[in-house]
Amino acid sequence: MSDDIRAKIGLRPVINVSGTMTSLGASIVVPQAVDAMASILPQFVEINDLQRKASAVISRLTGGEAGFVTASCSSGISLAVAGCITGNNLLAIERLPDITPEKNEVIVQMGHVVSYGAPVDQAIRLAGGKVVLIGQATSTHRFHMENAINEQTAAAVYVVSHHVVDYGLLHLAEFVEIAHAKGVPVIVDAASEYDLKLFLAQGADVVLYSGHKFLGGPTSGIVAGTKEHVRHAFLQNMGIGRGMKVGKESIYGVMAALEAWETRDHAGIRERETSYLNLWKETLSGRPGVTALIEPDPTNNPLDRMRVIISPPEAHITAWDLAAALRSGSPPIIVRDHEVEHHYFYLDPCNLHPGQEVIVANRLKEELDKARASNEVIATPLENLSRHRFDGLLNWPD
Ligand SMILES: *Cc1c(COP(=O)(O)O)cnc(C)c1O
């Protein structure tokens, strides 16, 4: 693309088949949001009134009584927790993260304490919350939660993500039932979920989404839920929320992205994604040591991905060396490799510009042909991945 800004500023023209990643710039922002942001940037507005307008849109799409826009889903977690700790006590809001009120314990299932790029529990601690872990990594039972709730309990946080342990834990409906029986509000982190209504419908008091993931909005977070809880979270803008603030462009950009979501051709997009997956399946079929499976999203989003399983003795390369070759090639292709030690990675079609699927297919072909032609198996020791994971970052900006 000749108008590709990346070449002008000396950035690599990466192709994103990894999904919605902060480290790659999240998602393709929809044109409606781009236009909305450009139109409001030169104007002054009364921010709280603009947030009122956002509240109405968020309310319509989520079924919540109210909502507002913040910097990220991560800040949404902190603000929602802070709201449960302080209520509308303005002095307490100024004093956070030191606690004046007595309630600051926040219940989380151990199997939900994951990293989305930073630890879930840190977003809670930032708000003055004291994380109370219940259960074990792969099991939580009712008795764990029932016994953890006491007078100090301010909230319970539930995380919906492909990262969390997906068996043996309390389901949201039961989590809500136990919390509500003791008057504890439930906050759901649904950052990457397509369903804007489900979690509030299941009884959550507050739900948090990322504006910049599937919605294709600007970098932002959406807080939705009961009027009281949303208001208490919103009041944190006078406190810890200040460092998490969004400007007019993000608020208005999210409103436009939400409205575009309502009218988006979801079926058409799904069809296009399926055609990409079919192309890759064709490209990979019959190749020695390569198995390509089309799999549904683990949290039931209407999205399929391709799992590419590599058997090094036949393919002559490991899954992680193939991922690295694609990443360092031209153009750089970033695959979804969270679980690469199991000898597979995923190809996620949801953030491709039309035409890029062919480049991905060709690059896969090239690298696999090259590996097959080599006499040795290309196999960097797996330990090197973790040993060197932060080398580049620790030397930043060099
Ligand atoms: C991405 C993600 C977050 C963080 O969202 P941001 O809007 O980038 O802060 C939080 N929780 C989960 C489950 C996520 O997937």
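Just so it is clear, the values below take in all heavy atoms, side chains as well, and ignore hydrogens, waters and symmetry mates. Whatever order the structure lists them in is the order used to number ligands and atoms, beginning at 1.
The pair Glu174-Arg142 meets the salt-bridge criterion, since a charged nitrogen lies less than 4.0 angstrom from a carboxylate oxygen.
Partners of His343 according to the side-chain contact (heavy atoms from CB on, under 4.5 Å) rule, which considers only residues two or more places apart in sequence or in another chain, are Pro312, Trp320. Considering only residues two or more places apart in sequence or on other chains, Asp265 meets the salt bridge (charged side-chain N to carboxylate O under 4.0 Å, His left out) condition with none of them.
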Give every pair made of an N or O atom of ligand 1 and a protein N or O atom lying under 3.5 Å apart, one pair per line with both atom names and the distance to 0.1 Å, or write 'none'.
unit_1, atom_1, unit_2, atom_2, d
ligand 1, 5 (O), Ser210, OG, 3.1
ligand 1, 7 (O), Cys73, N, 2.7
ligand 1, 7 (O), Ser210, OG, 2.6
ligand 1, 7 (O), His212, NE2, 3.1
ligand 1, 8 (O), His212, NE2, 3.0
ligand 1, 9 (O), Cys73, N, 3.3
ligand 1, 9 (O), Ser74, N, 2.9
ligand 1, 11 (N), Asp189, OD1, 3.1
ligand 1, 11 (N), Asp189, OD2, 2.5
ligand 1, 15 (O), Ser192, OG, 3.2
ligand 1, 15 (O), Lys213, NZ, 2.8

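Ile240 and Leu235 are members of different hydrophobic clusters when ILVMFWY side chains are connected at heavy-atom separations under 4.5 Å.
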Tell me which donor-acceptor pairs under 3.5 Å the side chains of residues 214-223 have, and how far apart each pair is, sequence neighbours excluded?
unit_1, atom_1, unit_2, atom_2, d
Ser220, OG, Pro218, O, 2.7

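A cation-pi arrangement is absent between Lys53 and Tyr252, since the terminal nitrogen or guanidinium carbon is not both under 6.0 Å from the aromatic centre and inside a 45° cone about the axis.
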